[in-house]
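Below: the structure, in structure tokens.
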Amino acid sequence: MNLKKMITKDIENSLIKIGIINCNPIVILNKKITLGHYQLNNLIKIANMLNIKPYELSKTIIANIKKKSMYKSITFSQPGFINIFIDENWISEQLEKIFFSSRLGINYVKSPKNIVIDYSSPNIAKEMHIGHLRSTIIGDVTARILDFLGHNVIRANHIGDWGTQFGMLIAYLENKKLENYNLSLIQLEKCYCKAKKKYDTDQSFAEKSREYVVKLQNGDQYCRSIWKKLVSITMLENYNIYKKLNVTLKESHTMGESVYNKMLPDIIRDLKNKKIATKKNGAIIVFLQEFKNRSGEPMGVVIQKKDKGFLYSTTDIACFKYRYQELHADRIIYYTDSRQHQHLIQTWTIAKKANYISQDFLLEHHTFGMILSKNKRPFKTRDGNTIKLSALLDEATERAIYLIKNKKPNLPKKKWISLAKIIGISAVKYADLSKNRSTNYIFDWDEMLNFEGNTAPYIQYAYTRIISILKKSIIPVNKLTEKILLKKESEINLAIKILEFEEIIVSISEKGTPHILCKYLYQLATIFSNFYEKCSILFSKKIKTCKSRLKLSILTARTLKKGLNMLGIKVVKKM
Ligand code: ARG
């Protein structure tokens, strides 16, 4: 249920009744609910637009609002607000539905969409590094949420498994007689660097590499088998990382660049036939009027090189076509570094020109900022290298072990290691997910492992506290049959916050912004803690009150757990 949307709609309708349309009322959930649970925030603006006094307008809105059982009272306050109080009995009825629902009362969408989410997408023969963290975990939250809402989510791990580098690698491994050797990913990456150097300095090696690229593209058995091995060595390591990160990507989600290889010659032919692409200096290029290069001329996007090789852009044009025409995507969401925005816009524009996707198809590129160190420079190792994701996650666990050892010296060793894995990695994930994805953020171990503030340990701990209260209760859950009573301010506050959950989830499904959910969970946890301070739960005087408060606590715990689960963060029973 989306209370904010319901109220907004009612206000809109009350304005339509008096002939006012398109004035976009802004309704917010009040921080201090004594002033009204919800508030219309832009009454003054609307009144100014209509040239009437806010008070006069408020009278008309209030008089025209549908008298529903959901409203307790709607009042005006100076200088220009409308305060909306929701009826406590009505809230209680809603909570009842949520309490007995396995989905916390959240409905499936009425018309499920096919949604492709392009995320993580690391490159073969290289270890995943810090640059892949954001794409991987933010993309996964969106995937989980859209899944939960009932959409048909197609996770697409667009791995970089194609291109000239594979010719180099095959030639290098053969040269060093390593092609049948069981290399680790670290060794493979070293070979990759050496192969690249050799390619730039050794003519005959470069020749051989190019020959192998062509062979690989034509399906040559020998080249293909080495290539397959490189992919599997890399992805095996990556699945380890996905597992550690509790990310839902599986082997079946891999749809790398190589998938589109077969389509590329036809795409080139078609773009030439449609006069979208032209030949210039031996290469095939699409000149885009909509983008200008530095000298003010239409920007050229090369789609086939002089040596007949295809490019990253060619693949993405084919990829748009495939996702739209074969996978019937209604939405395609990209979680890719913002530096690739230009590339995506260009390939999307070409795909549209060629009618591979419909003219109104949106490009949803959910960009994200950089991860910085405390000196505001890109976060790197001490010697200035990129931080490998596996090393980062190991450090997270180590730091959490240290933390837990100090906090709980009596816990058996086995327990604190398994606990530390959850706490450490959740902290890294949460620190990232809780920042607005479009901005840079500073990576700070102390902050993310803090038990206070908007952090994973704080929320996880809040959850364990509720669980321990519930454990102490002697009333079984199936005996909690009476309705929730909402009398005290802190009870109402908590109840309204619980009702807000669906609205938060739906908004992330539209914008791919997990930080909204983090903020919500943080607020929910603090509101619960206030409720716990003000209201005795287990020792309330009346059994009715006790039961009601237990139900509120259960609902809070379930919401926290579900919310964390959507972030791909595990809860623990004790910490
Ligand atoms: N492999 C690329 C990289 O590591 C990201 C791929 C993004 N997806 C796409 N369809 N281009 O930068």
Side-chain angles (χ1 to χ4, degrees), residues 114-140 142-143 153-166 169 185 188-189 192-193 196 227 230-231 234-235 237-239 241-242 245 247 249 253-261 263-264 267 301-303 310-327 329 331-352 356-357 361-371 378 386-390 437 512:
N114 286 335
I115 307 177
V116 175
I117 309 182
D118 183 317
Y119 71 107
S120 193
S121 312
N123 296 322
I124 295 306
K126 288 183 187 164
E127 280 189 88
M128 281 177 84
H129 55 79
I130 184 103
H132 294 108
L133 180 69
R134 304 207 80 182
S135 165
T136 305
I137 65 176
I138 304 174
D140 202 52
T142 307
V153 175
I154 304 160
R155 289 165 171 80
N157 197 355
H158 193 88
I159 58 171
D161 61 355
W162 210 243
T164 40
Q165 69 270 34
F166 291 95
L169 258 168
L185 181 55
L188 202 58
E189 187 161 356
Y192 177 76
C193 295
K196 216 167 161 194
W227 169 80
L230 304 179
V231 175
T234 315
M235 290 314 284
E237 282 295 315
N238 291 346
Y239 290 121
I241 292 191
Y242 293 152
L245 278 173
V247 154
L249 281 170
H253 302 132
T254 298
M255 284 191 251
E257 292 174 31
S258 63
V259 169
Y260 309 97
N261 179 50
M263 295 171 70
L264 305 184
I267 298 263
V301 180
V302 182
I303 54 170
F310 303 114
L311 295 103
Y312 186 48
S313 12
T314 331
T315 305
D316 266 318
I317 297 167
C319 180
F320 270 116
K321 184 175 194 285
Y322 179 78
R323 289 173 179 174
Y324 186 76
Q325 297 182 354
E326 308 295 324
L327 302 179
R331 287 175 75 186
I332 308 175
I333 310 177
Y334 289 89
Y335 287 94
T336 311
D337 198 303
S338 49
R339 283 170 291 191
Q340 292 196 31
H341 192 61
Q342 167 123 317
H343 158 80
L344 285 176
I345 287 213
Q346 287 173 347
T347 46
W348 170 73
T349 308
I350 297 170
K352 252 202 229 181
Y356 295 158
I357 52 176
F361 200 90
L362 293 179
L363 171 67
E364 291 186 77
H365 183 194
H366 290 179
T367 56
F368 39 81
M370 283 201 296
I371 306 180
T386 12
I387 293 175
K388 307 286 189 206
L389 215 42
S390 64
R437 67 169 162 74

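All residue numbers refer to positions in the sequence shown, counting from 1. One-based numbering, in listed order, for ligands and for the atoms of each.
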**Message:** Students often mix this up, so state it plainly: with edges at 30° and 60°, are the rings of Y239 and Y242 parallel, tilted or perpendicular?
**Reply:** perpendicular
**Request:** Would you check the N or O atoms of Y334, main chain and side chain alike, for any that come under 3.5 Å of an N or O of ligand 1?
**Result:** no
**Message:** Quick test: of every protein heavy atom, which one is nearest to atom 6 (C) of ligand 1, and how far off is it to 0.1 Å?
**Reply:** Y312 OH, 3.2 Å
**Prompt:** Between I159 and ligand 1, which part of the residue brings a heavy atom under 4.0 Å of the ligand: side chain, backbone, both or neither?
**Reply:** neither
**Message:** If we set the cut-off at 4.0 Å for heavy atoms, which region of D337 has an atom near ligand 1: side chain, backbone, both, or neither?
**Reply:** neither
**Closest candidate by heavy atom, reference atom 1 (N) of ligand 1, pool G131, S121, G160, G256** = S121
**Complete:** A student checking ligand 1 against D316 at a 4.0 Å heavy-atom cut-off should list atoms 9 (C), 10 (N), 11 (N)
**Message:** Does the plane of the ring in Y312 sit parallel, tilted or perpendicular to the ring in H343? Use 30° and 60° as the thresholds.
**Reply:** parallel
**Asked** Looking only at distance, does R323 have an N or O less than 3.5 Å from an N or O of ligand 1?
**Response** no
**Asked** Any Lys/Arg nitrogen of R323 or D118 sitting under 4.0 Å from an Asp/Glu carboxylate oxygen of the other?
**Response** yes
**Message:** Is Q340 close enough to touch ligand 1? Criterion: a residue heavy atom under 4.0 Å from a ligand atom.
**Reply:** yes
**Message:** Under the side chain to side chain contact (heavy atoms under 4.5 Å, CB included) test against I332, which residue among L363, V116, I117 passes?
**Reply:** V116
**Asked** Is the NZ atom of K352 crowded by more than 12 outside heavy atoms at less than 6.0 Å?
**Response** yes
**Prompt:** Once the angle between the rings of Y334 and H365 is folded into 0 to 90°, is it parallel (under 30°), tilted (30 to 60°) or perpendicular (over 60°)?
**Reply:** perpendicular
**Request:** Return the residue, atom name and 0.1 Å-rounded distance of the protein heavy atom closest to atom 9 (C) of ligand 1.
**Result:** H158 CD2, 3.4 Å
**Asked** Between K388 and E189, is there a salt bridge with N-O shorter than 4.0 Å?
**Response** yes
**Asked** Hey, is ligand 1 close enough to D118 that some N/O pair sits below 3.5 Å?
**Response** yes
